[in-house]
Protein chains: 2
Amino acid sequence: MHSIPTMSAASSTDSPGAPAFSPLYLQIKGLILQSLQQGEWKPGAAIPSEMELAARFRVSQGTVRKAVDELAAENLVLRRQGKGTFVATHAEQQVQYRFLKLLPDTGDARVEGPAQRRVLECRRVRASADVARALALRSADAVIQARRILSFAGVPTILEDIWLPGQAFKGLTAEQLANYQGPTYAMFELDFGVRMVRAEEKIRAVLPDREQAQWLQISPATPLLSVERIAYTYNDIPMELRRGLYRTDSRHYRNALS
Amino acid sequence: MHSIPTMSAASSTDSPGAPAFSPLYLQIKGLILQSLQQGEWKPGAAIPSEMELAARFRVSQGTVRKAVDELAAENLVLRRQGKGTFVATHAEQQVQYRFLKLLPDTGDARVEGPAQRRVLECRRVRASADVARALALRSADAVIQARRILSFAGVPTILEDIWLPGQAFKGLTAEQLANYQGPTYAMFELDFGVRMVRAEEKIRAVLPDREQAQWLQISPATPLLSVERIAYTYNDIPMELRRGLYRTDSRHYRNALS
DNA sequence: AAGTGGTCTAGACCACAAC
DNA sequence: TTGTGGTCTAGACCACTTG
């Protein structure tokens, strides 16, 4: 009955090998997603109301609703009753540091406040083979490499190396990394238009080498969490590789399984 | 307009301090949840169709649908188009070992197959203070304590201690733990009617003591992941405490952030 | 063919926020 | 008062499974 002019609703009567049936709301979701990644609406800004989107796509409000529901479930947009639907951002007070799961054993992370940052290094280099693979670049493509220490209450707790595609993050400086108030990912949104929407982490237990131990002011016999993270923008495009060493003597990595 | 005889839909005109407005579909969800925890439908069995539930609760099918949608999103039930909606179970082939996140660095966990289990101990003891707190018991209440080793391809990889409330798991034996084919949580469902629906983990890096190192056939200088898990049944009732030591020399703990 | 979940619609009304 | 998202309904039709 309804179908969007620029795309057909595949049906089960299609020829064999045709793409699987795609309901209207998923097509709508895809179109909204496209607008999001093309920056039609900036992080923090409101997207059109459900009625407006329904008119734009020539579908009922209920269908738009289901599409937006899924985007909200994936944390790509944020619904606020009475106000509208907004492009999610790492700058929000509520969900700040969504990706940092290292919590103090006792006490409240919100009371403690954000970490102090000390940037040790930030330079443009050629991607090594494994960095290139993680970021879906060619070997020897330009990347920005940064190293920093995060401290809580003066205690150096996280030592991390960050690799970013040189193209998208051209001009990133150590000062930017050090001085921006708020999550680093919020700065990425503001200054480079890159929004991280999800990430994957691989966690191991390791011992630090001498240099790492010095930075973290611990003995080389102190076991640490090694956390390798790949963060993705829209469309599963990898945009950051992070390798962190976490002290867990008075903090722990928290995870919820469901 | 509609309201379930046995419960009123609170409205904003209630007296101050009254419970917040609760939409119908959440009330329905609560009623279905109640039936789930009371065992009206067993794990793996079908729950009534949406039409039947709608008739039973005197609401429209759409309202039941939204309630069931949320239960499905929380992995409490599983929808299968054309067949029905089924109580989720850890025995399903598809989502087996949902809570085990230690994956091989290379290769496919499905190819590798399940771990070999060796049960070192399984006895009834009095709960220590911290175990009692984790399981919401009184100190010195009876608990079942088990210790086992999980090996992959003959390599001892996980050493874990498990504590279970003595009341709910009366009669659990080492043989049961060792011989059941499939996830331990599936055995809990089948033999004790206890279904784990979610869990929380605290992860640290630690060094093993001499005994632990021996069991895992490693040097005491090998860093390990310490994973403390509390698993919950319906209604957030804690039913298991697990303390695991994971070797991560050729495996890693994988986590998805979103 | 019958029954299940899945999609889509149109319309009514409610809760919340802003003007 | 207006506009937003949130709830609820009733009905039509589609896709999938089973007999």
Side-chain angles (χ1 to χ4, degrees), chain A residues 1-4 7-14 18-32 41 45-73 76-88, chain B residues 1-4 7-14 18-32 41 45-73 76-88:
Chain A
M1 187 170 178
H2 279 86
S3 83
I4 300 175
M7 54 181 9
S8 65
S11 94
S12 59
T13 58
D14 280 357
F21 167 76
S22 173
L24 241 193
Y25 79 89
L26 282 183
Q27 301 179 38
I28 304 301
K29 180 186 173 188
L31 291 174
I32 298 174
W41 315 299
I47 73 173
S49 75
E50 292 180 353
M51 291 303 283
E52 285 172 314
L53 290 171
R56 168 165 163 182
F57 298 127
R58 312 289 196 84
V59 298
S60 77
Q61 190 219 9
T63 300
V64 168
R65 168 160 277 273
K66 181 143 189 186
V68 174
D69 274 346
E70 290 209 349
L71 293 171
L76 295 178
V77 300
L78 189 67
R79 318 191 74 145
R80 281 188 243 170
Q81 190 176 69
K83 303 180 75 171
T85 301
F86 301 80
V87 183
Chain B
M1 186 170 178
H2 278 86
S3 84
I4 300 173
M7 53 181 9
S8 64
S11 92
S12 58
T13 58
D14 281 357
F21 167 78
S22 173
L24 242 193
Y25 78 90
L26 282 183
Q27 301 178 40
I28 304 301
K29 181 186 171 188
L31 291 174
I32 298 175
W41 316 299
I47 73 174
S49 74
E50 293 181 352
M51 291 302 284
E52 285 173 313
L53 289 172
R56 167 163 163 182
F57 298 128
R58 312 288 196 83
V59 298
S60 77
Q61 191 219 9
T63 300
V64 168
R65 168 159 277 273
K66 181 143 191 185
V68 174
D69 274 346
E70 291 209 350
L71 294 171
L76 296 178
V77 299
L78 189 67
R79 317 191 75 146
R80 283 188 242 170
Q81 188 174 58
K83 302 182 75 172
T85 301
F86 300 81
V87 183

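The chains referred to below are lettered A, B, ... by the order of the sequence lines, with proteins before strands, and numbering in each begins at 1. Below, each value reflects all heavy atoms present in this structure, side chains not excepted, and no hydrogens, waters or symmetry copies.
- What separates CG of B:L26 from P of D:dG6 is a distance of 13 Å, to the nearest Å.
- Between the CD atom of B:Q61 and the P atom of C:dT7 there is a distance of 12 Å, rounded to whole Å.
- A:I28 has its CD1 atom 13 Å from the C1' atom of C:dT9, to the nearest Å.
- Taking side-chain N and O atoms only, B:R80 has no distance below 4.0 Å to OP1 or OP2 of C:dT4.
- Applying the side-chain hydrogen bond (donor to acceptor under 3.5 Å, both in side chains) rule to B:R56 yields the partners B:S35, B:E40; only residues at least two apart in sequence or on another chain are considered.
- Contact annotation for B:R65: base contact, defined as any heavy-atom pair under 4.0 Å involving a base atom.
- Comparing A:G62 and B:D69 against DNA chain C, the residue whose closest nucleotide sits nearer the 5' end is B:D69.
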Write down the protein N/O and nucleotide N/O pairs, taken from nucleotides 17-19 of chain C, whose separation is under 3.5 Å; answer none if there are no such pairs.
from   : atom 1 : to    : atom 2 : distance (Å)
C:dA18 : OP1    : A:K83 : NZ     : 3.2

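- In this structure, the CD atom of A:E70 is 12 Å from the C1' atom of C:dG6, given to the nearest Å.
- B:Y25 and B:A67 get closest at one heavy-atom pair: O-CB, 3.4 Å.
- Of the listed nucleotides (C:dT9, D:dG5, D:dT9), D:dT9 has the atom at the smallest distance from the side chain of B:V59.
- The interatomic distance linking B:L53 (CG) with C:dT4 (P) rounds to 11 Å, in whole Å.
- Between A:T85 and D:dG5 there is a side-chain polar atom (N or O) within less than 4.0 angstrom of OP1 or OP2.
- The CG atom of B:L76 sits 5.5 Å away from the CG atom of B:L71 when rounded to the nearest 0.5 Å.
- Counting to the nearest Å, the P atom of C:dA10 and the CG atom of A:L24 are 12 Å from each other.
- DNA chain C is contacted by both A:K66 and B:G84; B:G84 maps to the nucleotide lying nearer its 5′ end (nearest heavy atom per residue).
- Among residues two or more places apart in sequence or in another chain, the salt bridge (Lys or Arg N to Asp or Glu O under 4.0 Å) test is passed with B:E52 by none.
- An OP1 or OP2 oxygen of C:dT4 is reached within less than 4.0 angstrom by a side-chain nitrogen or oxygen of B:S49.
- For B:Q81, the side-chain hydrogen bond (donor to acceptor under 3.5 Å, both in side chains) test picks out no residue, with sequence neighbours left out.
- In this view, A:K66 satisfies the side-chain hydrogen bond (donor to acceptor under 3.5 Å, both in side chains) rule with no residue, not counting sequence neighbours.
- As rounded to whole Å, 12 Å separates atom C1' of D:dC16 from atom CZ of B:F86.
- Comparing C:dC8, C:dG5, D:dG5 by their nearest atom to the side chain of B:E50 picks out C:dG5.
- For the pair B:R79 CZ and D:dC16 P, the interatomic distance rounds to 16 Å; values are reported in whole Å.
- Take B:R79 and apply the salt bridge (Lys or Arg N to Asp or Glu O under 4.0 Å) test, not counting sequence neighbours, and it matches B:E50, B:D69.
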